[in-house]
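We name chains A, B, ... by the order of the sequence lines, and we start the count at 1 in each one.
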Amino acid sequence: MSFYDFSRVEKKWQKYWLENKTFKTQDNREKPKYYILDMFPYPSGSGLHVGHPEGYTATDILARYKRMKGFNVLHPIGWDAFGLPAEQYAVKTGTHPRITTEKNIERFREQLQMIGFSYDWDREVDTTDPNYYKWTQWIFLRLFERGLAYEDEQPVNWCPELGTVLANEEVIDGKSEVGGYPVIRRPMRQWVLKITAYAERLLEDLDDLDWPESTKEMQRNWIGKSIGAEVDFHVPDHNEKIRVFTTRPDTLFGATYMVLSPEHHLTDVLTTVEQKEEVQKYKDAAGQKSDLERQELTKEKSGVFTGSYAINPVNNKEIPIWIADYVLAHYGTGAIMAVPGEDERDWEFAEKYELPIIRTVQPPDDFDGKAYTGDGPSINSDFLDGLYITDAKTKIIDWLEENGVGKRSVNYKLRDWLFSRQRYWGEPFPIIHVDGKPKAVPEKDLPVTLPDVKNFQPTKTGEPPLAQAIEWVETTDPETGKKALRETNTMPQWAGSCWYYLRYISPDYEDGPVDQEAEKYWMPVDLYVGGSEHSVLHLLYARFWHKVLYDCGVVSTKEPFKKLVHQGMILGEVEYTACEVDGKVVSAEEASKYENVTKLALSESEVEKKGDRFVMKGTEITVDSKAHKMSKSRGNVINPDDVIKKYGADSLRLYEMFMGPLEQVKPWSTKGVEGVNRFLNRTWRLFFGEGESEKLNITHQEPDKDQLKTLHEAIKKVTEDIENMRFNTAISALMIFINEANSWNGVPKSIAEPFVILLSPFAPHIAEELWNKLGHSESLAYEPWPLFNEEFLKSDSIEMAVQVNGKVRANISVPSDRLKEKEFVIGLAKQQQNIQKYIDGTTSIKEIYVPGRIVNIVVK
RNA sequence: GCGAGAGUGGCGGAAUUGGUAGACGCGCCAGAUUUAGGAUCUGGUACCUUUACCGGUGUGGGGGUUCGAGUCCCCCCUCUCGUACCA
């Protein structure tokens, strides 16, 4: 029996594609373009995992399909190669990160080529290449000259373990996202990008994007726009005023005290002598707490009184000023007016410290809670009484503006982007400091390249590793000849990934980050596929840079990524685990009573389903059944190399797509890989039969009607499914074709050829080989995609269900040409024995006929 | 708490605008081939009842709209992801 030797065939075609540059994108601007982009990987030391090929296969299928549909396709790949792991490895071993990075890139490239992706390898970009980061620096200078990059002494998230500052987004639950080390707050000089200047545009332009709704919503929440008012509270004793932001100015009459954040600039001024000690103690305690500790203590509110009073501008009442860490320094103005009657947090605080509570909105009669945050008529509010929230807000804001004590205001949660890191392995800033002031390095001197250093470790004081390269740091200002110091911070990893999609368009262009003529043709990216973990950070930062470049006239579109899709995570194989206590297996509920529980892994054959849970076979002992995230510690990591070695790249591609919808989280199943592998073997045998020789089992006969129908059904389904990215059902359609065709006596060439093309985006290696064996000397990559013909889809008769009172009681076969004749079809239906059984002796109320779908006879 | 999404066989998952629920694959069962195993091929496989037909029940639970609901509406439950004192 002939068998499909995938390893020989796959190597052969991978070599062919590379040598012939089959997928080199021609800059032919006559054709319609399609720019299909993968989120480029960080080339880690551990190589690809099975998650990478998921999104990459999806885009590869579309890229191959679009080429055959006559599109000029841009489908590139590159490396997001700056980053912490290579640097930490350097700290440990002294190996320069460049060496590690190059080695890892090599490995990644090899692995990607082993899967048969149709990238244009002449457009590869590498963020650590000076020819690339020259332009990252160039873009930074654009930000700098527009006042969008500035230095600021500000409290930052300092991670002692990593020896660097982290962006807020890189801190999760008070710990570093990378490594999970503790993070403390500490003031340092930092570079900051003014992303807040673009908050409104970043928010507004989301509406027109074809992105997952959840991702857009996350960005909206992150930007966090809220509309309200700023109100000034006068503090007569100190002749100061405290400005607060509120979304509920209508509740101003209920403001019975004020709270400043411990970091607020007026805290010292406002604290009276008697309160000084207590306030200082509180401030110290708050400052020493990490974000994690602050969050852990959220259950119990705390605060101290400053001793001062402010005047509520609407009623001139004196209200006490407190300090509490439930007010955040970095949101709004860092101070609030507290309205306990209408705010749960304020209520909680007021109860604890016995501060007065005044309701300003009438709660409904059946309301028995504390703070009431719903709508209702205003009370205790003088000229606002009786008005509902919206009207009360308008009226009070008008009043505030007329009296010069407040104004309408919009506030954003989004903060400026902390852009510097105390690391070695990142882009140097194109900045020198002259007389203590930052100054741009002239464009002609770009790139500012990384100097070599001996030690990659940041100093304990937070001085970046670059500070050791004294000869590099000490320079002269080319303009004035004065002594100058280079900036020793480096950019964060996000920098390079903010614009890489532009570099692919003209990777060798020397007069700017991107050739503008080419940019006009290729942008925007038509489809961008990548993980949802980048929903906020990367995707928001890239949009920000893109808008700045748009304002600079570098790019022609407002938004970079027209359509975005996230691939779902691939979990490990389903595991069955039982709980064991003292060597005895017990149910999970039982086990929760003990402490010395060990987990016992079971095989599938040891368990069975009982009701809605799994139990150990023949017992009542419940067993846990779950697919876990792949992780080294759990030992359930699937390595794509192993899968390719055993089943081939086409099987890997096919399986990853066949598992289920692209966006969905799904568990891996090695048995499933075997299934698609069998399908490929069946396909091979369809062409070569069961004999020993590789003689084609292909006929030159005219195809019959059934064969045409089978083919055209497949064309229709596969085409529509690829367009809608339903790859799992497209593969199912290919399987149906093979199952059908296996019952034929030889496959006509005119059927076989279009099928091979349908198969090719999914399993390109076997498809190329079959195409070649069918007598073609060229690759099929640019063969026209087959079109389906409705004529061939029709059959002579159609099977239809007949229902009586909505229940199916018989099936009838209706000749296609009589489908429109309601009377005829219903007559036919009524002749069925089993139908007569149900309608005899009843009165017919209604007869429903949906041509081609159903007959329903309603009787009484 | 809040926001988003999802609950369909033993498992992964299919089901155009409401029109025969379970395509395709895995697993399982039976048979063929084979010295045997593996591989391959053929048939079967939601559940209950039945030798079989027939029949009954079924898309997380409850209610509703409809000739007809996995699909539309209301209430509830569970799970996943995101987020967390944002004034």
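Nucleotides C72(B) and G25(B), compared at atom P, are 29 Å apart to the nearest Å. Atom C1' of C11(B) sits at a distance of 29 Å from the matching atom of G19(B), rounded to the whole Å. C48(B) sits 33 Å from U65(B) when the P atoms are compared, rounded to a whole Å. The separation of G3(B) from C75(B), taken at their P atoms, amounts to 14 Å, rounded to a whole angstrom. Look at the P atom in both C53(B) and C67(B): the space between them is 33 Å, to the nearest Å. To the nearest whole angstrom, the two P atoms, one in C73(B) and one in U17(B), are 14 Å apart. U8(B) sits 14 Å from C79(B) when the P atoms are compared, rounded to a whole Å. Comparing A36(B) with U57(B), their P atoms sit 48 Å apart, to the nearest whole Å.
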* Asked: Between E606(A) and S603(A), is a side chain to side chain donor-acceptor pair (under 3.5 Å) present by the stated rule, with each step listed?
  -> CA-CA 5 Å; E606(A) 293 173 274; S603(A) 74; 3.2 Å; yes
* Test W668(A) against N636(A) for side-chain contact (heavy atoms from CB on, under 4.5 Å), laying out the working first. => CA-CA 10 Å; W668(A) 184 268; N636(A) 61 349; over 6 Å; no
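For the pair K370(A) and E351(A), the salt-bridge criterion is met [side-chain N within less than 4.0 Å of a carboxylate O]. Note on R220(A) versus E217(A): salt bridge recorded, some NZ/NE/NH1/NH2 to OD/OE distance being below 4.0 Å.
Rounded to whole Å, the distance from OH on Y655(A) to P on G12(B) is 11 Å. Distance CD (E575(A)) to P (C11(B)): 17 Å, rounded to an integer number of Å. Atom P of nucleotide C85(B) and atom CG of N221(A) are separated by 13 Å, given to the nearest angstrom. Per the geometry, CD belonging to Q219(A) stands 13 Å off P belonging to U83(B), to the nearest Å. What separates CG of L662(A) from C1' of G12(B) is a distance of 15 Å, to the nearest Å. One atom, CG of N811(A), and another, P of C54(B), lie 11 Å apart when rounded to the nearest Å. Computed from coordinates, the H566(A) NE2 to G82(B) C1' distance equals 11 Å when rounded to whole Å. If you measure from atom NZ of K301(A) to atom C1' of A87(B), you get 12 Å, rounded to the nearest angstrom.
Listed by first and then second residue, the salt bridge (Lys or Arg N to Asp or Glu O under 4.0 Å) pairs involving residues 735-744 of chain A amount to none (not counting sequence neighbours).
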* **Per-nucleotide protein contact string for nucleotides 22-28 of chain B, where B marks a base within reach and S marks sugar-phosphate only (heavy atoms under 4.0 Å, - for neither)** => -BBSSS-
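Remark: Y353(A) engages W322(A), F349(A) in a ring-ring contact (aromatic ring centres under 6.0 Å, His included) (not counting sequence neighbours). By the ring-ring contact (aromatic ring centres under 6.0 Å, His included) test, F762(A) is found to be paired with no residue, residues two or more places apart in sequence or in another chain being considered. With sequence neighbours excluded, no residue forms a ring-ring contact (aromatic ring centres under 6.0 Å, His included) with Y849(A).
Nearest-nucleotide positions on RNA chain B for E213(A) and V850(A) put E213(A) closer to the 5' end.
A cation-pi contact, defined as under 6.0 Å to the ring centre and within 45° of the axis, is absent between K225(A) and Y412(A).
Under 3.5 Å, the side chain of K837(A) and the base of C54(B) form no donor-acceptor pair of N or O atoms. Between the side chain of R853(A) and the base of U17(B), a donor-acceptor pair under 3.5 Å is found.
The residue V665(A) sits close only to the backbone: its heavy atoms come under 4.0 Å of sugar-phosphate atoms, none of a base. Using a 4.0 Å heavy-atom distance criterion, P212(A) is classed as making no nucleic acid contact. Counting non-hydrogen atoms under 4.0 angstrom, S535(A) reaches nothing in the nucleic acid. Q664(A) comes within contact range of the sugar-phosphate backbone alone, with a heavy-atom separation under 4.0 Å but no base atom that close. At the heavy-atom level, Y412(A) lies nowhere under 4.0 Å from the strands shown.
Aromatic ring orientation, W684(A) versus F688(A): tilted (interplanar angle from 30° to 60°).
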* Asked: With Watson-Crick and G-U wobble geometry limited to distances under 3.5 Å, how should the secondary structure of RNA chain B be encoded in dot-bracket form, using | for bases paired to another strand and [ ] for crossing pairs?
  -> (((((((..(((......[....)))((((((.......))))))(((......)))..(((((..]....))))))))))))....
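N811(A) places no side-chain N or O within donor-acceptor distance of the main-chain N or O of E799(A), the cut-off being under 3.5 Å.
Counting only heavy atoms from C-beta on, R685(A) has its side chain closest to C41(B) among C85(B), U20(B), C41(B). Distance from the side chain of F245(A) is smallest for A87(B) among the nucleotides G56(B), U20(B), A87(B). Across C85(B), G10(B), G12(B), the shortest atom-to-atom separation from the side chain of P667(A) is found for G12(B). Comparing U40(B), G13(B), G19(B) by their closest approach to the side chain of Q803(A) singles out G19(B). Residue I854(A) has its side chain nearest to U20(B) when only G13(B), U20(B), G3(B) are considered. Which of A87(B), C85(B), G55(B) sits closest to the side chain of R809(A) comes down to G55(B). Counting only heavy atoms from C-beta on, N834(A) has its side chain closest to C54(B) among A87(B), C11(B), C54(B).
By the rule that a glycosidic angle within 90° of 0 means syn, G9(B) counts as syn.
Contact between the side-chain N/O atoms of K609(A) and the OP1/OP2 oxygens of C11(B) is found at a separation under 4.0 Å. Distances shorter than 4.0 Å separate none of the side-chain N or O atoms of Y576(A) from OP1 or OP2 on G10(B). Neither OP1 nor OP2 of C81(B) sits under 4.0 Å from any side-chain N or O of S214(A). OP1 or OP2 of C67(B) lies within a sub-4.0 Å distance of a side-chain N or O belonging to K846(A).
A side-chain N or O of E342(A) and one of T360(A) form a donor-acceptor pair less than 3.5 Å apart.
Within the 4.5 Å cutoff, side-chain heavy atoms of T256(A) are placed close to those of P340(A).
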